[in-house]
There are 4 protein chains.
Amino acid sequence: MSSMENAESQGGVAAGELRQFIERVERLEEEKAALQDDIKDVMAELKARGYDVKAVRTILALRKKDPDERQEAEAILELYMNALGMA
Amino acid sequence: MSSMENAESQGGVAAGELRQFIERVERLEEEKAALQDDIKDVMAELKARGYDVKAVRTILALRKKDPDERQEAEAILELYMNALGMA
Amino acid sequence: MSSMENAESQGGVAAGELRQFIERVERLEEEKAALQDDIKDVMAELKARGYDVKAVRTILALRKKDPDERQEAEAILELYMNALGMA
Amino acid sequence: MSSMENAESQGGVAAGELRQFIERVERLEEEKAALQDDIKDVMAELKARGYDVKAVRTILALRKKDPDERQEAEAILELYMNALGMA
DNA sequence: ACACAAAGTTCGCGTC
DNA sequence: GACGCGAACTTTGTGT
């Protein structure tokens with residue numbers, strides 16, 4: 001490495017720029033983790049109030065899906081279950 | 001490293017033994033990957049025959065679960081869905 | 001269901017309360033998804049600037065780990081790799 | 001459903017065929033699970049012999065990758081780490 | 001029971 | 001545009 005190298009140009013990489021990018025991502029990930037914690041807290045609260053967490057998770061998942069798609073999928077599933085005697 | 005070192009005792013690790021373990025795992029993983037491929041093939045065949053792959057996956061998942069547990073979970077889910085007007 | 005039932009007490013579930021919980025989680029998940037999108041954008045920007053995204057991801061992962069733990073883990077790994085001639 | 005329906009033609013689905021497919025997959029999944037158990041056993045044995053399981057997992061992962069690709073990736077990573085002073 | 005880890009599922013990406 | 005691959009998230013199991 002030449003004597004011109006410094007913190008801002010290590011081996012052809014603009015160190016400062018790279019660092020900026022990384023720190024931006026890290027900040028966003030921190031905020032994201034904080035939200036994840038918040039969700040965890042709400043779930044704990046839910047549970048403490050006597051709700052079934054797994055069922056609530058299922059509800060959340062269902063609400064994310066398109067109702068038509070979901071109904072369609074359920075219909076096929078039921079068809080197969082009937083065919084297999086899993087009613 | 002001392003002059004006593006050889007392929008079977010590198011830095012205090014019994015290289016031969018370690019290699020044996022690793023190769024055993026790799027063989028098992030190979031077989032496992034082969035089975036995974038077989039499953040993939042069956043799924044492709046299913047699909048080619050006109051079946052809905054996602055629904056079949058759901059069926060497989062359901063069949064793995066205890067029927068009582070499943071029924072219980074469904075009952076709770078339905079209760080919540082009714083409460084939320086998602087019927 | 002008895003005539004006393006209303007939107008707030010469906011089958012013994014306090015519908016309003018349940019709904020509150022669910023909507024709280026959904027709001028948090030929305031914010032979380034927005035942050036995920038932001039991260040995605042930064043990654044795209046990184047990439048456009050010529051950086052290797054996978055390497056940046058690795059950097060981010062490394063920075064999350066305790067430096068001491070990491071060094072220890074690396075030392076063991078190197079030991080094993082030497083033993084196996086993977087140097 | 002018409003009076004012609006039987007176990008082999010439920011609602012337009014060839015129940016027997018569907019069942020065959022599902023049972024084939026289930027058999028394969030069983031074998032796969034058995035192998036997974038075997039791997040788990042080997043890992044436990046490894047551990048009992050004093051090896052670091054996590055490091056062994058890393059070795060296995062590294063050996064799956066193309067050596068050239070890996071070296072390339074490591075070079076980039078090192079470059080970035082130097083630029084960030086993480087050496 | 002809690003946290004850590006492993007498995008499965010899902011989503012985004014690159015490829016053809 | 002679909003398909004297969006790889007990474008991320010979620011969920012399930014385990015060990016403390």
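Here is the naming used below: chain letters follow the sequence lines, and residue numbers restart at 1 for every chain. For clarity, every value in this text was computed on a predicted model and none was experimentally measured.
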Quick one: which of F:dT12, F:dA8, F:dG6 gets closest to the side chain of C:Lys54?
F:dG6
Return a table of donor-acceptor pairs under 3.5 angstrom between the side chains of residues 37-44 of chain A and protein atoms on other chains or two or more places apart.
none

Strictly below 4.0 Å, N to O, side chains only: are B:Glu45 and B:Arg49 in salt-bridge contact?
no
Salt bridge between D:Glu31 and D:Arg27, side-chain N to carboxylate O under 4.0 Å?
no
State whether the side chain of D:Tyr80 and the backbone N or O of C:Asp52 hold a donor-acceptor pair below 3.5 Å, judged by distance alone.
yes
Closest-nucleotide mapping onto DNA chain E: is B:Ala61 or C:Lys47 further toward the 5' terminus? I mean the 5' end.
B:Ala61
Interatomic distance, A:Arg19 atom CZ to C:Ile59 atom CD1 [nearest 0.5 angstrom]:
10.5 Å
Heavy-atom contacts under 4.0 Å between residues 30-45 of chain B and DNA chain E, which residues?
none
Between F:dG6 and C:Arg57, is there an OP1 or OP2 to side-chain N/O distance shorter than 4.0 Å?
no
How would you list, by chain and number, every residue that makes a salt bridge (charged side-chain N to carboxylate O under 4.0 Å, His left out) with C:Glu26, sequence neighbours excluded?
A:Arg63
Residue whose closest nucleotide on DNA chain F lies nearer the 5' end, D:Lys65 versus C:Glu29
D:Lys65
